[in-house]
Q: 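If you scroll down you'll find the structure; I have some questions about it.
Protein chains get the first letters and strands the later ones, always in sequence-line order, with residue 1 at the start of each.
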Number of protein chains: 2
Amino acid sequence: MEPTGYYSIHPKFHAAVDCIIFGFEEGELSLLLLQRNFEPAKGQWSLMGGFVEEGESLDDAARRVVTELTGLDDLYMRQVHTYGEPDRDPGERVLSTAYYALVDIKKYDRELVRAHNAFWVKLPAIPRLIFDHDRMVDDALRFMRYQARVKPVGINLLPEEFTLTQLQTLYEAILGEPIDKRNFRKRIASMDYIEKTGRIDKTSSRKGAALYRFNREKYDGNFKI
Amino acid sequence: MEPTGYYSIHPKFHAAVDCIIFGFEEGELSLLLLQRNFEPAKGQWSLMGGFVEEGESLDDAARRVVTELTGLDDLYMRQVHTYGEPDRDPGERVLSTAYYALVDIKKYDRELVRAHNAFWVKLPAIPRLIFDHDRMVDDALRFMRYQARVKPVGINLLPEEFTLTQLQTLYEAILGEPIDKRNFRKRIASMDYIEKTGRIDKTSSRKGAALYRFNREKYDGNFKI
DNA sequence: TCAGTTTAGTGTACAAATTACACTTGCAAA
DNA sequence: TTTGCAAGTGTAATTTGTACACTAAACTGA
């Protein structure tokens with residue numbers, strides 16, 4: 001179609017994806033981080049990442065990388081930002097696109113995670129990360145918080161069925177502030193796409209708590225931004 | 001530092017930036033678009049774009065590209081998204097990062113724009129664009145609208161000093177809906193970082209309208225979101 | 001000079017949304 | 001049967017957002 005010479009006078013670069021993998025447990029957000037037992041930056045902490053391959057879209061690369069580490073498919077992932085400073089990777093020039101992923105922390109493949117020398121680290125205890133990964137985490141967290149304020153994305157961090165107390169604790173963790181229980185439940189009650197399953201969770205209280213579920217069809221029908 | 005072999009087994013890609021350049025005139029948002037008199041896709045409409053060069057960051061590349069076209073420096077620009085589908089450019093594989101820029105439409109360099117065969121096109125009249133540039137415009141517009149709702153970014157589309165009527169017309173154009181004049185002025189009055197200059201604009205009314213200015217120091221001091 | 005035209009500028013009442021706040025219920029274990 | 005524990009529930013006050021119409025100033029042209 002076009003003369004390939006048009007493109008070939010311009011440089012090419014490695015393209016990578018780095019994934020900020022969020023989990024939720026014990027009332028706190030966690031990240032799945034690698035203590036790198038491989039080069040470059042062996043021994044240091046980093047995000048899970050990987051290079052984009054021929055014929056693979058950025059989104060697919062990000063998905064592949066998270067699946068490689070967790071064994072999970074069907075992930076909620078969103079692109080955050082692309083980092084393109086010439087010296088951001090001290091080895092060679094690499095353009096890296098950050099994605100965040102939301103994961104049900106009960107479900108990941110422990111073997112795969114162990115094999116990668118990866119660990120869930122609670123947010124306040126995040127160690128210093130290599131390159132510009134600290135900044136990626138900041139940006140992803142800000143973006144995820146924004147999205148959680150306007151869409152029920154956080155639900156992807158919980159199991160299929162969850163109690164309202166779990167949901168509230170999750171939102172407190174995401175937003176970083178306590179929420180009034182009655183106001184919270186009033187708001188949830190007004191969302192018809194969060195519906196009672198009729199089943200009861202007995203693990204965390206003697207009385208038992210009603211289990212709820214996210215109804216995607218009802219939600220998509222409403223599309224309140 | 002690291003063995004370069006680590007990187008070299010992975011493919012490299014062209015990296016481009018494409019810029020959604022917004023202007024504001026006669027109560028409407030416009031985009032600065034190219035009617036391409038060069039390959040590829042000669043004859044079709046596209047965004048202004050360019051390849052990322054060695055040693056140049058993504059942000060710098062986007063800035064350079066907009067400056068090449070408009071002669072303007074000191075631009076308000078934000079990264080929108082990176083598009084990485086393998087076949088998005090039918091010529092060769094190119095990863096493209098979209099940026100939006102806000103430009104005072106009174107100030108650009110007409111010679112440069114003419115030389116590039118570029119034209120300001122009002123939003124509702126945007127033609128079909130090449131590749132995935134339509135989607136880039138959609139995404140940029142959505143992102144810019146969101147930002148305009150929470151920060152006074154739109155002010156970058158106006159001259160240094162502006163009347164409240166201009167500002168209201170701008171926000172009506174950005175949000176795509178009419179705004180009540182009294183409520184609008186009430187809201188602006190509560191923002192101490194939009195301050196009267198004491199000067200009067202006589203061009204658009206016999207009575208004359210007070211000129212206002214954005215005070216960055218006061219705004220940064222407040223950091224409301 | 002006076003009537004007409006044009007845009008700037010101003011306040012109040014109502015509705016809606018958000019916030020603050022404390023006790024009762026049901027169940028199981030001791 | 002008593003105790004402990006988390007689940008579940010309503011109302012009043014405040015804040016925020018929305019609807020709405022006239023006067024003021026200055027120039028123009030008859």
Q: By nearest heavy atom, map B:Lys181 and A:Thr163 onto DNA chain D; which one lands nearer the 5' end?
A: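 That would be A:Thr163.
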Q: Could you tell me which residues satisfy side-chain contact (heavy atoms from CB on, under 4.5 Å) with A:Asp138, sequence neighbours excluded, listed by chain and number?
A: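 For A:Asp138 the side-chain contact (heavy atoms from CB on, under 4.5 Å) partners, ignoring immediate neighbours, are A:Arg142.
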Q: Going by the salt bridge (Lys or Arg N to Asp or Glu O under 4.0 Å) test, which pairs reach into residues 159-180 of chain B, not counting sequence neighbours?
A: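 Residue pairs with at least one partner in residues 159-180 of chain B: B:Glu161-B:Arg199.
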Q: Which residues pass the side-chain contact (heavy atoms from CB on, under 4.5 Å) test with B:Arg216, not counting sequence neighbours?
A: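 With neighbours one apart ignored, the set is B:Phe214, B:Asp220.
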Q: Any chance the side chains of B:Arg213 and B:Thr197 put a donor and an acceptor closer than 3.5 Å?
A: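 Per modelled atom types, B:Arg213 and B:Thr197 side chains form no pair under 3.5 Å.
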Q: A:Asp18 and A:Ser96: side-chain donor and acceptor closer than 3.5 Å?
A: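 Yes, A:Ser96 and A:Asp18 have a side-chain donor paired with an acceptor closer than 3.5 Å.
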Q: With sequence neighbours left out, what residues match B:Arg206 under side-chain contact (heavy atoms from CB on, under 4.5 Å)?
A: none
Q: For A:Lys202, answer base if it contacts any base atom (sugar-phosphate contacts may also be present), sugar-phosphate if it contacts only those atoms, and nothing otherwise; contact means non-hydrogen atoms under 4.0 Å.
A: sugar-phosphate
Q: Tell me what B:Thr165 touches on the nucleic acid: a base, only sugar-phosphate, or nothing, going by heavy atoms under 4.0 Å.
A: sugar-phosphate
Q: For the pair B:Phe22 and B:Tyr100, name the ring-plane relationship: parallel under 30°, tilted 30 to 60°, perpendicular over 60°.
A: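 Rings of B:Phe22 and B:Tyr100: perpendicular, as their planes differ by over 60°.
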Q: Just to be sure I understand the geometry, which residues of residues 204-215 of chain A put a non-hydrogen atom under 4.0 Å away from DNA chain D?
A: A:Ser204, A:Ser205, A:Arg206, A:Lys207, A:Gly208, A:Ala209, A:Ala210
Q: Write out a two-atom table: protein N or O, nucleotide N or O from nucleotides 14-20 of chain D, distance below 3.5 Å.
A:
unit_1: D:dT18; atom_1: O4; unit_2: B:Lys186; atom_2: NZ; d: 3.0
unit_1: D:dA19; atom_1: N7; unit_2: B:Asn183; atom_2: ND2; d: 3.1
unit_1: D:dA19; atom_1: N6; unit_2: B:Asn183; atom_2: OD1; d: 3.1
unit_1: D:dC20; atom_1: N3; unit_2: B:Arg182; atom_2: NH2; d: 3.2
unit_1: D:dC20; atom_1: N4; unit_2: B:Asp180; atom_2: OD2; d: 3.2

Q: Identify all side-chain donor-acceptor contacts of residues 24-34 of chain B below 3.5 Å with residues at least two apart in sequence or on another chain.
A:
unit_1: B:Glu26; atom_1: OE1; unit_2: B:Lys122; atom_2: NZ; d: 2.7

Q: For atom CG of B:Asp74, is the number of surrounding heavy atoms from other residues, nucleotides or ligands below 6.0 Å larger than 12?
A: no
Q: Taking heavy atoms of chain A and a 4.0 Å limit, find me the 5'-most and 3'-most nucleotide of DNA chain C within that range.
A: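 Result: C:dT19 to C:dA29.
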Q: Do any side-chain atoms of residues 110-117 of chain A form donor-acceptor pairs under 3.5 angstrom with protein atoms, and if so which ones, sequence neighbours left out?
A:
unit_1: A:Arg110; atom_1: NH1; unit_2: A:Tyr108; atom_2: OH; d: 3.3
unit_1: A:Glu111; atom_1: OE2; unit_2: A:Arg114; atom_2: NH2; d: 3.0
unit_1: A:His116; atom_1: ND1; unit_2: A:Leu112; atom_2: O; d: 2.9
unit_1: A:Asn117; atom_1: ND2; unit_2: A:Gln35; atom_2: O; d: 2.6

Q: Using rotation axes that map the C1' atoms of four end pairs onto the next four (five pairs an end), what angle separates the end axes of the helix from C:dT1-D:dA30 to C:dA30-D:dT1, to 10°?
A: 10°
Q: With sequence neighbours left out, what residues match A:Arg182 under salt bridge (Lys or Arg N to Asp or Glu O under 4.0 Å)?
A: none
Q: With sequence neighbours left out, write down each residue that passes side-chain contact (heavy atoms from CB on, under 4.5 Å) with A:Thr163, or none if nothing qualifies.
A: A:Thr165, A:Gln166, A:Asp201, A:Ala209, A:Leu211
Q: Output the rounded distance in Å from CD1 (A:Ile188) to P (D:dG8).
A: 13 Å
Q: State, without any angle test, whether B:Asp192 and B:Tyr219 hold a side-chain donor-acceptor pair at a distance under 3.5 Å.
A: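 Result is no, nothing qualifies.
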